[in-house]
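Here the structure is laid out as structure tokens; the discussion comes afterwards.
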2 protein chains.
Amino acid sequence: MKYRSISEAAAAFHIPESTLRYYEKQGLLPLMERDEAGRRLFSDNQMALLGTVIRLKNTHMPISSIKRYIDWILEGESTLEKRLEMMNKHKQTVLDEIALMTESLAGIDVKITNYTKRIQERRSEDKLMREEEQ
Amino acid sequence: MKYRSISEAAAAFHIPESTLRYYEKQGLLPLMERDEAGRRLFSDNQMALLGTVIRLKNTHMPISSIKRYIDWILEGESTLEKRLEMMNKHKQTVLDEIALMTESLAGIDVKITNYTKRIQERRSEDKLMREEEQ
DNA sequence: TGTTGACTTAAACCATGGTTTAAGTCGTAT
DNA sequence: ATACGACTTAAACCATGGTTTAAGTCAACA
């Protein structure tokens, strides 16, 4: 079993060490192992759990909910249904958010098209004026 | 030109009135008109601008950036290129974020599949046990 | 042996994006 | 005339999600 230091774990996920310490304090990284000097040791299991935490964070699940999910994992098999329900609900929340972003982006695209058009028109007028000057 | 009260504008976009007041104070809703009693009047133009602000907000553009964009609109035609560039960059940011969410969601989907499988297996064991009890 | 560099902690600090409160002004219906 | 609801303001307050600081410990290398 390979163990990683906090700096290695942080580098692996491209996040600051301070965030990892913060996550542990919030209960998102329970049962952390330590070496004799008190330094955190990230096992493969911890790395996998951290990956899950980061996926949930990437999809905007609040820390309090991630915590609830982690607590259910610690509780064992009896919470399987709760975890499944939570992930299913979260999935729908994420799909809704992606849909909203996609929809809003369409409106922004209209702006892009219009700005491009207006800038192009202005260039054409310039060109026309230059020709009239001839 | 139809004018709307703050409550009508808020209802139209499903956001609190307090948020509209906050946005105005942040400079996202400039040139607000008022009636004799000092109450805000949302013109069609303001409603359209508010729609743009909300689309940018929905796609997670920070208030400070939205403010910069609004200021450029106020400055007039000379900022067309800046606005176009900003919207293009923002579009890419949003696409990247959607990609990250979609990717992370795929990892969450694996969890959903596994939980579903484990729960199903547990049910099968239960069934098997019930049959052995017979 | 002493001085780096990587780590530790608790607590303070920060940015972002609002929301709530308190006190007051209008317009209108009773 | 008054009471109600819708509005106004400035300022205080709040939640979220970290980041930074200060002071200390430890391992390894010169």
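Residue numbers start from 1 in every chain, and the chains themselves are labelled A, B, ... in the order their sequence lines are given, proteins ahead of strands.
What separates CD1 of B:Ile15 from P of C:dG18 is a distance of 9 Å, to the nearest Å. Put simply, NZ on B:Lys25 is 13 Å from C1' on C:dG17, counting in whole angstrom units. Taking atom CZ on A:Arg21 and atom P on C:dC7, their separation rounds to 8 Å, with Å as the unit. Atom CG of A:Asn58 is separated from atom P of D:dG17 by 13 Å (rounded to the nearest Å). Rounded to an integer number of Å, the gap from B:Glu8 CD to D:dA6 P is 12 Å. Put simply, OH on A:Tyr23 is 8 Å from C1' on D:dG18, counting in whole angstrom units. Atom-to-atom, CG of A:Leu20 to C1' of D:dG17 comes out at 14 Å; the value is rounded to the nearest Å. Atoms CZ (A:Arg34) and C1' (C:dC7) sit 10 Å apart, rounded to a whole Å.
A salt bridge does not link A:Lys2 to A:Asp44: none of the charged nitrogens lies less than 4.0 Å from a carboxylate oxygen. A salt bridge is defined here as a Lys NZ or Arg NE, NH1 or NH2 lying under 4.0 Å from an Asp or Glu carboxylate O, and B:Glu24 with B:Arg40 meets this definition. Between B:Glu121 and B:Lys117, no side-chain nitrogen of the basic residue sits less than 4.0 Å from a carboxylate oxygen of the acidic one, so the salt-bridge criterion is not met. Between A:Glu77 and B:Arg118 there is a salt bridge, since at least one side-chain N of the basic residue sits less than 4.0 Å from a carboxylate O of the acidic one. Looking at A:Glu81 and B:Arg122, a side-chain N of the basic residue comes within less than 4.0 Å of a carboxylate O on the acidic one, giving a salt bridge.
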| note | A correct 5'-to-3' footprint of nucleotides 19-30 of chain D, with B, S and - meaning base, sugar-phosphate only and no protein heavy atom under 4.0 Å, is BB-----SS---
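Minimum atom distance to the side chain of A:Ile6 is reached by C:dC7, of the listed C:dC7, C:dT9, D:dC7.
The CZ atom of A:Arg39 sits 11.5 Å away from the CZ atom of A:Arg34 when rounded to the nearest 0.5 Å.
Placement of B:Ile108 and A:Ile73 within a single hydrophobic cluster is found when ILVMFWY residues are connected by side-chain heavy-atom separations under 4.5 Å, directly or transitively. Under a hydrophobic-cluster definition in which Ile, Leu, Val, Met, Phe, Trp and Tyr are linked whenever side-chain heavy atoms come within less than 4.5 Å, directly or via other members, B:Leu50 and B:Tyr3 are assigned to different clusters.
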| request: Take A:His60 and B:Glu97 through the side-chain hydrogen bond (donor to acceptor under 3.5 Å, both in side chains) test and state the conclusion after the steps. | output: CA-CA 11 Å; A:His60 307 148; B:Glu97 192 183 345; 3.3 Å; yes
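Here A:Ser5 does not reach the OP1 or OP2 of C:dA6: none of its side-chain N or O atoms lies under 4.0 Å away.
Residues from residues 60-73 of chain B lying near DNA chain C, meaning a heavy-atom separation below 4.0 Å, are B:Pro62, B:Ile63 in numerical order. Of the residues in residues 40-57 of chain A, A:Arg40 come within less than 4.0 Å of DNA chain C through at least one heavy atom, sorted by number.
Side chains of B:Gln92 and B:Asn88: no donor on one and acceptor on the other come within 3.5 Å.
For A:Glu8, the CD atom counts as densely surrounded, since its 6.0 Å shell holds more than 12 non-hydrogen atoms of other residues, nucleotides or ligands.
Using a 4.0 Å heavy-atom criterion, one finds that B:Gln26 contacts no nucleic acid atom at all.
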